[in-house]
Amino acid sequence: QVQLVESGGGLVQAGGSLRLSCAASGGTFSNYRMGWFRQAPGKEREFVATVSRSGGSTYYADSVKGRFSISRDNAKNTVYLQMLSLKPEDTAVYYCAAMRGTRAYLSGSNYDYWGQGTQVTVSS
């Protein structure tokens with residue numbers, strides 16, 4: 001059983017930046033593809049970014065491409081989401097998730113473990 005704990009959320013002005021962290025425990029971190037998802041009030045959860053087990057491959061939603069960067073440190077069992085040039089529409093609860101095996105990584109239903117989420121609020 002893998003436990004995921006996100007941190008780093010908060011309130012920031014538009015154009016600002018935040019770095020989210022997700023610390024994993026209870027499993028072999030390098031065995032899992034990691035992803036970040038977000039859910040805004042009244043909206044469905046959406047994919048943000050994912051990183052492969054080794055960290056060598058990443059993929060982003062079009063809405064964050066060029067502004068967000070996902071990375072991982074397998075020695076620290078942690079995945080990061082660096083967010084730059086934040087916009088009010090980035091306001092959401094951000095969740096990290098872990099996937100065993102090889103499945104379609106855009107779908108949240110393919111991830112096996114989830115964190116509790118961290119709130120990101122971007123003011124205009």
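This chain uses plain numbering: 1 for the first residue, then up along the sequence.
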Would R38 and S63 satisfy side chain to side chain contact (heavy atoms under 4.5 Å, CB included), going step by step from the backbone distance to the final call?
-> CA-CA 12 Å; R38 67 186 182 186; S63 58; 3.5 Å; yes
Using the side chain to side chain contact (heavy atoms under 4.5 Å, CB included) rule, take R67 and D90 through it: C-alpha gap first, then chi angles, then the decisive distance, then the call.
-> CA-CA 11 Å; R67 300 187 298 121; D90 294 319; 2.7 Å; yes
Before giving the answer on side chain to side chain contact (heavy atoms under 4.5 Å, CB included), spell out for E6 and Q116 the whole-Å C-alpha distance, their side-chain angles and the decisive distance to 0.1 Å.
-> CA-CA 7 Å; E6 302 97 334; Q116 82 289 348; 2.9 Å; yes
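Atoms OH and CZ, from Y80 and R72 in turn, are 11.5 Å apart once rounded to the nearest 0.5 Å. Going from atom CD of E89 over to atom OG of S124 covers 10.0 Å, rounded to the nearest 0.5 Å.
Residues Y111 and A97 share a closest heavy-atom pair of CD2-CB, 3.5 Å. Nearest heavy atom pair, residue S109 against residue S107, reads OG-OG, 2.7 Å. The minimum heavy-atom distance between V93 and Q119, with the atom names listed, is CG2-OE1, 3.2 Å.
For residues 24-36, the set of pairs meeting the salt bridge (Lys or Arg N to Asp or Glu O under 4.0 Å) definition, not counting sequence neighbours, is empty. Sequence neighbours left out, not one pair with a member in residues 15-31 passes salt bridge (Lys or Arg N to Asp or Glu O under 4.0 Å). Sorted by first and then second residue, the pairs that involve residues 92-103 and meet salt bridge (Lys or Arg N to Asp or Glu O under 4.0 Å), not counting sequence neighbours, are R100-D112, R103-D112.
Side-chain atoms of T91 come within 3.5 Å of backbone atoms of P88 as a donor-acceptor pair (strictly under, hydrogens ignored). A donor-acceptor pair under 3.5 Å links the side-chain atoms of T78 to the main chain of K76, judged by distance alone. The backbone N or O of L84 sits nowhere less than 3.5 Å from a side-chain atom of S17 that would complete a donor-acceptor pair. Although no hydrogens or angles enter the test, the distance criterion places a donor-acceptor pair under 3.5 Å between the side chain of Q3 and the main chain of Q1.
Note on ring orientation: taking the six-membered ring where Trp is involved, the planes of F47 and Y105 are tilted (angle from 30° to 60°).
Y94 forms part of a hydrophobic cluster together with V2, L4, V12, L18, L20, F29, Y32, M34, W36, V48, V51, Y60, V64, F68, I70, V79, L81, M83, L86, Y113, V120, V122, judged by ILVMFWY side-chain heavy-atom separations under 4.5 Å. Members clustered with L11: none, using a 4.5 Å side-chain heavy-atom cutoff among hydrophobic residues.
F37 is not listed as a side-chain neighbour of L106, based on a closest heavy-atom distance of 4.5 Å or more.
Salt-bridge formation is detected for the pair K65/D62: a Lys NZ or Arg NE/NH1/NH2 atom is positioned less than 4.0 Å from an Asp or Glu carboxylate oxygen.
If you check the side chains of S30 and T28, you find no donor sitting under 3.5 Å from an acceptor.
Residues that satisfy the side chain to side chain contact (heavy atoms under 4.5 Å, CB included) test with S7, not counting sequence neighbours, are S21.
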